[in-house]
Each structure stands twice: as structure tokens, then as C-alpha cells.
Protein chains: 2
Amino acid sequence: MSFQEPRTRIQIKNHRAILDAALEVFSQLGFGAATLDQIAKQAGMSKPNLLYYFPSKEAIYLRLLSELLETWLDPLKEIDPAGDPHDEIRKYVRGKLSMSREYPRESRLFAHEIMQGAPHLLEKLQSDLRQMVDEKAAVIDAWIAQGKIAPLDAHHLIFSIWSMTQHYADFAVQVSAVLGPDRDAFAEAEAHLDAVFGRMLRV
Amino acid sequence: MSFQEPRTRIQIKNHRAILDAALEVFSQLGFGAATLDQIAKQAGMSKPNLLYYFPSKEAIYLRLLSELLETWLDPLKEIDPAGDPHDEIRKYVRGKLSMSREYPRESRLFAHEIMQGAPHLLEKLQSDLRQMVDEKAAVIDAWIAQGKIAPLDAHHLIFSIWSMTQHYADFAVQVSAVLGPDRDAFAEAEAHLDAVFGRMLRV
DNA sequence: GGCAGTTTTGTCCATTCGGTCAAGATTTTA
DNA sequence: TAAAATCTTGACCGAATGGACAAAACTGCC
């Protein structure tokens, strides 16, 4: 038996432990290379017990993905067409960078899924994500038409924000290898990205 | 028996076929999730035959990685301290974007390795890569000190170039899902990045 | 304290994994 | 053309994998 909705105290605790452990393992190895034994060990329980709460490895993965996509889109939704263009975009950049710092595992899980061709997510990307991006790109285009920010391709501007911010989560190992152990990558990144987007958007 | 250096015509052909097939499979699934059967099938030969040319799965992977790192660093090496700062940096950006377009599999292979903690590459990153980046960052800092380009953190500027260009290879599926099938992501990216770095570097 | 329901795990299973080996097929060489 | 060297593969191995199952341990309730 497995559970659509955890009810008892124990179920809630173990559900959380499993999803957290699975996030840890999947985000490092990707779906294919991760094993149930690793996840069970990380969650501090036996493999059969883990399968008492979730019907399969894929079910755990899908649960993580579906929870993730919403969280991932939230900062984009908050871009306010009525706000100050520079503030709104820089707020979005800061929000995405914060997510890379606070939720690097989620970022890497997402990156693994995309790099493998997004087998479980492609449809959502083509519908939900595309619609949201188109909508916000239209807002940016309107700001450009009003001369409030510099003329840039709105879709690619969004890609640039995604890539520069997620880089600090997905490639954290490389970043710290290059910067050395004494520099605070995220603190520096915040100042850097503030400067970069300030220059980029100024008319 | 396996071969340090392929000699005969057949060895050369099969070596190439195996490395190409392995690149295809590893770049999509990462090392752990890829299987020798998949690689052998992709290379059009039996698994034992594949293992006649390489001693192990890891040996194939390591060969790919070691060839890759040099290729990957080459464009950075070509930044010329004596050249025009704007030209040199924009040439580098264009070079990296071209590599994402022409060698997306190599880009994704590298990304997989880094995201898993760079188990086979960490030392090289901390020595070779770090040294090369420090060297070129010093060149950029000198340009900034001379007032030739805008004052930005040189290391993070390099990270920004890496992330924005590699994004079009590593997240190609997402990019095309968002842009739709009719837009040419790479052509647009070239114009976009030209505009972005033009604005970013202008004093 | 005892009973029903819940939670946990030891044991097992079929499949797939990376890799071996010996025998056969093919190519090269003399 | 025939021996020598190279190339190829079917059959196989032990280990690890995702998952099944039934028995045991634990929990909450009367």
C-alpha cells in the first residue's frame, strides 16, 4: 500500500524524510544513476519500508518534479507590469539567485531533467512554462516600447537571467574550484549581477 | 587486450565509432545512468567487441573527458591582452556560443560531470582551469584599470559568459520548448549576446 | 492487558549491469 | 594460399538493481 495523502504523524514524517533524501540523491546523480538503496539509506530506513510509502522509484521522482515546477515558476509570476521596470527585473534576478543559494538541489534536479531531454516535463514546458514566459516577455516588450529599459530580446533576456543565476547552483563545484575556498561566490554574484543588469537595462 | 594508440585501419575506425557513440550516450544520461549495451548498440557493435578496444566503461569516459577539457579551454586561451578589449571579449563570447551550437554533446557531458561534483575533474579544475581563469581575469582587470571597459568582477564576468552561452546547449530542450519550433535559438542568441555584452562592457 | 491497525524489515526474485572467456570469423602477411 | 595476427561475438559470471511478500514489531485504543 502507498499513500496519496499522508495522514498519521509517522506518515507525514516519513514522507518528508523520503522526499528530502530523494532530492539529495536525485539532484546529485540524476534519475537513472540514483538507486533506491541510496535513497533509503539517506532517509534512514530500509528499502522495503520506503516502498511502503511510495509505489516506485519513478513515483518519488515525479512527486519531486511536480512540486518543483510550481516553485520554480513562482518568482517569474511576481514580475509586476505596473511596477518600475528596473526594480521588477532586478528583483526577479535577486529572487532567482536566492533560489540558487537556498535550493541548489532543486536547481540541479531540474537541470538533470532538462539535460536528459525533459522526458517527464516536456509537455509542461511547452504549455505552462511557454505561456508564462510569453506573457512576461510581452510585459518586457511593452517596457521597451515605452523606452523604460534598453531594447533587448525579451525571451533571451529571460534565458540570460535563468542561466546566470542557476549557474551558481548547478556549477557550484566549478565556481568554488575557480574562486578558491575563501571567496563567497553568492555574495559576489549578487553584486556582480546587480551591476550587470544595471548596465544592461539602462537606456 | 586494449589499445593505448590505435594503429590499424579497423582500430582507428572503431575507436572513433566508440568514442562518438559514448559521447552521444554519456552526454544525454551522464556516466552512471549510461550502459555499455547502449553505447555498443549506438556504435554498431557487440559489447564484448567494444571491450576489446577499451578496458572499461570508465576508461571510455575518462578518454572523452581528457580530450574535452583541452578543447573547452582553448577559446579562453585565445583572449589576447594586446588586442582591443571589446573585440577580444566579444570574440570569446561568439567562440563559446559557436561551441555550444557545434558541440552541444560535449557541453552536456561537461555539465553532467560538474553537476555530479566533478569526481574525475576536480583536481584539473582547481589547478589548470583556475590558473587559466586567474590569468585572464588579470588581463580583464588591467583593461578595467585602464578604463577600457566597464568595472565588473572579472571572474564573475567569465562565469556569466560561460553560463549564458552554454545554456543554449545544456538547456536546448527548454529553450526550444519556450521559443517554439519556428525560431532559430542560436541565431537569435548571437544577436542578443552581442547586444548584452556591448551594453555591459561599455564604459 | 489485549486486540486491530499500522509500520518495519529479512528474505527473496527476475532483470540488468559491467566485464570475462574461449571459440570462431576475418583480415593481413609472407 | 596458408599461416599468423587481428577482429568479433555467443555464452556466461558475480554483483547490483527495482521491487514483492509475508512475518514480525510497534502503535493507539478499549
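All values below were derived from every heavy atom in this structure, side-chain atoms included, with hydrogens, water molecules and symmetry-related copies excluded. So you know, we letter chains A, B, ... as the sequences are listed, proteins then strands, and number each from 1.
- Taking atom CG on A:L50 and atom C1' on D:dT17, their separation rounds to 14 Å, with Å as the unit.
- In this entry the distance linking CD1 of A:I39 with P of D:dG19 reads 10 Å, nearest Å.
- The interatomic distance linking B:I12 (CD1) with D:dC7 (P) rounds to 10 Å, in whole Å.
- Nearer the 5' end of DNA chain D, as judged by each residue's closest nucleotide, is the contact made by B:S46, out of B:S46 and A:F31.
- Between B:Y52 and D:dT8 there is no side-chain polar atom (N or O) within less than 4.0 angstrom of OP1 or OP2.
- Nucleic acid contact for A:A34: sugar-phosphate only, since backbone atoms but no base atoms lie under 4.0 Å from a heavy atom of the residue.
- Atom-to-atom, CG of A:L51 to P of C:dC12 comes out at 18 Å; the value is rounded to the nearest Å.
- No side-chain donor from either of A:H112 and A:S27 sits under 3.5 Å from a side-chain acceptor of the other.
- Ring geometry for A:H167 against B:F159 counts as tilted: the plane angle lies between 30° and 60°, on a 0 to 90° scale.
- A distance of 10.5 Å separates OG in A:S100 from CD in A:E106, rounded to the nearest 0.5 Å.
- OP1 or OP2 of D:dT6 has not a single side-chain nitrogen or oxygen of B:Q11 nearer than 4.0 Å.
- When the side-chain nitrogen and oxygen atoms of B:N49 are compared with OP1 and OP2 of D:dT9, one or more of them lie within a distance under 4.0 Å.
- The listed nucleotides are D:dT9, D:dG18, C:dT27; the one nearest the side chain of A:L36 is D:dG18.
- B:F54 places its CZ atom 14 Å from the P atom of D:dT8, with the value rounded to the nearest Å.
- Here the C1' atom of nucleotide C:dT9 and the OH atom of A:Y53 are 12 Å apart, to the nearest Å.
- Counting all heavy atoms, side chain and backbone alike, A:M164 lies closest to B:S160 at CE-OG, 3.0 Å.
- For B:R9, whose side chain is taken as the heavy atoms from C-beta onward, the closest listed nucleotide among D:dG18, C:dT28, D:dC7 is C:dT28.
- For B:N14, the listed nucleotide lying nearest its side chain is D:dT8; candidates were C:dC17, D:dT8, C:dG10.
- Remark: the B:H120 side chain and the B:E58 side chain contain an N/O donor-acceptor pair separated by less than 3.5 Å.
- Atom-to-atom, NE2 of B:H15 to C1' of D:dT6 comes out at 14 Å; the value is rounded to the nearest Å.
- At whole-Å resolution of the value, OH in B:Y61 and C1' in C:dG18 are 17 Å apart.
- Residue A:I10 places its side chain closer to C:dT8 than to any other of D:dG10, C:dT8, D:dG19.
- Considering only side-chain N and O atoms, B:T8 lies under 4.0 angstrom from the phosphate OP1 or OP2 of D:dC7.
- The side chain of B:P48 lies closest to D:dA11 when the candidates are D:dG18, D:dC7, D:dA11.
- Look at B:D194 and B:R94 and you find a salt bridge, because one of the NZ, NE, NH1 or NH2 atoms lies within 4.0 Å of a carboxylate O, short of that distance.
- Across all strands, A:T35 comes closer than 4.0 Å only to sugar-phosphate atoms, never to a base (heavy-atom distances).
- Scanning atom types as modelled, one donor and one acceptor separated by under 3.5 angstrom connect the side chain of A:K47 and the base of D:dG18.
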